[in-house]
Amino acid sequence: MPTEILMPALSPTMEEGTLAKWLVKEGDTVSSGDILAEIETDKATMEFEAVDEGVIGKILVSEGTEGVKVNALIAVLLEEGESADDIGDTAADAAPAEAPAKVPAEAKAPDAAETGPGLVQTKAPEPDWPEGTELKSQTVREALRDAMAEEMRRDPNVYLMGEEVAEYQGAYKVSQGLLDEFGDKRVIDTPITEHGFAGIAVGAAFGGLRPIVEFMTFNFAMQAIDHIINSAAKTLYMSGGQMGAPMVFRGPNGAAARVGAQHSQDYAAWYSMIPGLKVAMPYSASDAKGLLKSAIRDPNPVVFLENEILYGRSFDVPVLDDFTVPFGKARIWREGTDVTIVSFGIGMQYALQAAEKLAEDGIEAEVIDLRTLRPIDYDTLLTSVMKTNRCVTVEEGFPVGSIGNHLSATIMERAFDYLDAPVINCAGKDVPMPYAANLEKLALVTTDEVIEAVRKVTYR
Amino acid sequence: MATRKTAKAPNVSADELKQYYKDMLLIRRFEEKAGQLYGMGLIGGFCHLYIGQEAVVVGLEAAAGEGDKRVTSYRDHGHMLACGMEPNGVMAELTGREGGYSRGKGGSMHMFSKEKNFYGGHGIVGAQVPIGAGLAFADRYLGNDRVTFAYFGDGAANQGQVYEAFNMSALWKLPVIFVIENNQYAMGTSQKRSTSTDEIYTRGAPFGIPGEMVDGMDVLAVKEAGDKAVAHCRAGKGPYILEIKTYRYRGHSMSDPAKYRTREEVQKMREEKDAIEHVRELLVSGGHASEDDLKAIDKEIKDIVNKSADFAKESPEPALEELWTDIYASDIPQGAAVEQDA
């Protein structure tokens, strides 16, 4: 029986990839360990090896095809004695026939998996750019890279340091191309030594530079948190305003996919507690770009919380020479009158999905993306709650001492008389992140939980 | 004094000797006064005195040049005075007053002076070491030949981040002098009980960082070693380690009963090795200063210190609005490109 060769998953968050190149053709004899193809994921181009020996009977996905789903059938391997005729109809049917062959990258329409609910921008009443501005579709990853490149062109004292940011082009490919443009003086690979390089970057900021520190993930920044908080955040105050640390600590934060408890934690609430820090946690690509540019220019230390799952998502980004988004200004993604759903970062995907589904049942949710957690745009939130009289908060982090807890308290203090129902906090569960796929899903906040919370507060 | 390296024929001018004497005496008298004010309840919290270690900073500041930077731990009063910060401002910070360097918001452990390139005053043991390497990183990036002195104690020398900083400083040839002020006690734990080696500076060798042990009770030896280290760093050869053997006469902080060592041990150091007495003897025996000259210096120093204490008592407490200032800097440059300043 012919052996099916399937599209491999080559990273924890990979759902699809590009079949960049076939290194074999139909009729070739291959043995275990031979390189069959090059697969391009959102992070890297990887070689894909044969695990069995045989003859390549049929190639079902041609090279250059983008958006090939993990586990899609891409080729069939024939064992000795088998011929191409043995390839059953099932195999042919299973081929991702819809996957358009050789679609040029720029013509590619963003599909649902890539964009999620991100493209639901129809009702945003307060765009961050002038009407009529040209827009382009860009991934969060590209937007972050562009933000750094633009700011590095603008200010020669801005530099990037972190693990694998230079020659490897970024562990998550966020810094791709920066080494080539700016050289190794300004794009610096560090040893694996978070506590040390965070401290060095703080000293460099004291000394007049504008460091961007990339943590491969914010889980590893736990090793460096003393410098982020004690050295960077507090010095301006402790020095009576004489000196501070104008710098950015950035990297992916929160759960990725199936990487377990030590690699899946949302630090939003931790850093948001600290006076002297600014904290941003963007959802869309335009916010990622505009906020990161603002963060790099900010004279204060900024913790910039990205998300690995969002890196590959595409959103509209304005084509402007110098597009920035200010800190402390929430974005209303969707206007509504029945309930306010407030979130930030990846929590926005659940908030927006829930709002879409609720709309089908006639419940109109106003969806607010806080975008920055220090400062928080309380006014936009309170104005909305005073209009809708109900509020659900959504975040992926732990539920105790969460951002949602803080928002609830603020709403209670400042808009108590406007509330028609208690505020409900939707958050991650109060457990370390499990590895098993089903348990991991259960540990994270879900769209259904948000919907259920909205039904509770609207009594519908 | 026979063991001192420079005791035989100090190659130093009378003026230099007098300056060392004055600088060290200022630190000692200042710290004695701080101890008194602490006892009177005018200084709160933690207060770590530098008495006994004066030759370390005075010797190294004599080796430092214009624009060089320094950063240290919470035992920082001596470093501030030695780099030229005003005794009034330091003392008023100790009393938590408006006239203090941080307008009363930093305290004994957290003081800074941009003007004097003094980058703190850090309360977390060892944190100042990578910060010091980072200051040197900035200078190397900006292309100047400044040197940073990163001071830390024998206790901090057991913090992991010190070695992370050693590694990157050597890797990137950062112009930083790691100054281990080895006063032999990490709070109440002696070096013998805490540290796997008698010679901490040798821990730089695996990173390729040269270093040496220096007699920290001899300001001339410290100056000489400092000159060598500064020349090494300024020449772009990377970091250098000075382990300066010294001794603190007082407790770790004002609240330390000092049960971990004997009164006799302290007394012996004071009598036989005191750095200020050493210079005093050199001044007298070399015919550079008469007893009257020295008395005049003593009086001059005493006046400065008394004045600083008066200032620190009279300066008002910070205005209540100060609670809410200096949390964020607000000068966000917008639009135009930033000019490079180096």
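Everything numeric in this text was worked out from a predicted model, so none of it was measured. First the proteins, then the strands, lettered A, B, ... as listed; each starts at 1.
For A:E150, no part lies near chain B; criterion is any non-hydrogen pair under 4.5 Å. If you measure heavy-atom distances from B:I124 to chain A, the contacts under 4.5 Å come from the side chain alone. Neither the backbone nor the side chain of B:F166 comes within contact range of chain A; no heavy atoms are under 4.5 Å apart. Of the two parts of B:E322, only the backbone, made up of N, CA, C and O, holds a non-hydrogen atom closer than 4.5 Å to a non-hydrogen atom of chain A. Interface residue A:I274: only backbone heavy atoms are found under 4.5 Å from chain B. When heavy atoms are compared at a cutoff of 4.5 Å, A:H195 approaches chain B by way of both its backbone and its side chain.
The cationic atom of A:K185 (NZ for Lys, CZ for Arg) does not lie both less than 6.0 Å from the six-membered ring centre of A:Y159 and within 45° of the ring axis. A cation-pi geometry, defined here as NZ or CZ lying under 6.0 Å from the six-membered ring centre and within 45° of its normal, does not hold between A:K289 and A:F323.
No other option in B:N167, B:T325, B:L174, B:T148 has as many heavy-atom pairs under 4.5 Å with chain A as B:T325. For the set A:V202, A:D321, A:I188, the count of heavy-atom pairs under 4.5 angstrom toward chain B peaks at A:I188. The greatest number of non-hydrogen atom pairs below 4.5 Å with chain A, out of B:R103, B:R146, B:Q161, B:R140, is found for B:Q161. Looking only at heavy-atom pairs under 4.5 Å with chain B, the residue among A:G241, A:G244, A:P301 that has the most is A:G241. Taking chain A as the reference chain and counting heavy-atom pairs below 4.5 Å, the highest number among B:A127, B:G104, B:G132, B:G123 is found for B:A127. Note: A:R186 leads A:K293, A:R186, A:K234 in heavy-atom pairs under 4.5 Å with chain B. With chain A as partner, the option from B:G120, B:P318, B:S113, B:G106 having the largest number of non-hydrogen pairs under 4.5 angstrom is B:S113.
Side-chain contact between B:L49 and B:Y38 is absent, with no heavy atoms from C-beta onward closer than 4.5 Å.
Under a 3.5 Å cut-off, the side chain of B:E93 and the backbone N or O of B:S102 do form a donor-acceptor pair. At least one donor-acceptor pair closer than 3.5 Å links the side chain of A:S239 to the backbone N or O of A:L236. Using a distance-only test at 3.5 Å, with no hydrogens or angles considered, a donor-acceptor pair links the side chain of B:Y101 to the main chain of B:E86. Judged by distance alone, with hydrogens and angles left aside, the side-chain atoms of B:T95 form a donor-acceptor pair with the main-chain N or O of B:A312 at under 3.5 Å.
Interface residues of residues 212-224 of chain A toward chain B, defined by a heavy-atom distance below 4.5 Å: none.
When ring centroids are compared, B:Y74 and B:H48 come within the 6.0 Å threshold. With ring centers used as reference points, A:Y378 lies under 6.0 Å from A:H406.
Of the candidates B:Q128, B:H79, B:E61, B:R70 forms a side chain to side chain donor-acceptor pair (under 3.5 Å) with just one, namely B:E61.
Taking OG of B:S308 as the start and CG of B:L94 as the end, the distance is 9.0 Å to the nearest 0.5 Å.
Between A:D287 and A:K329 no salt bridge is recorded (no basic side-chain N to carboxylate O distance below 4.0 Å).
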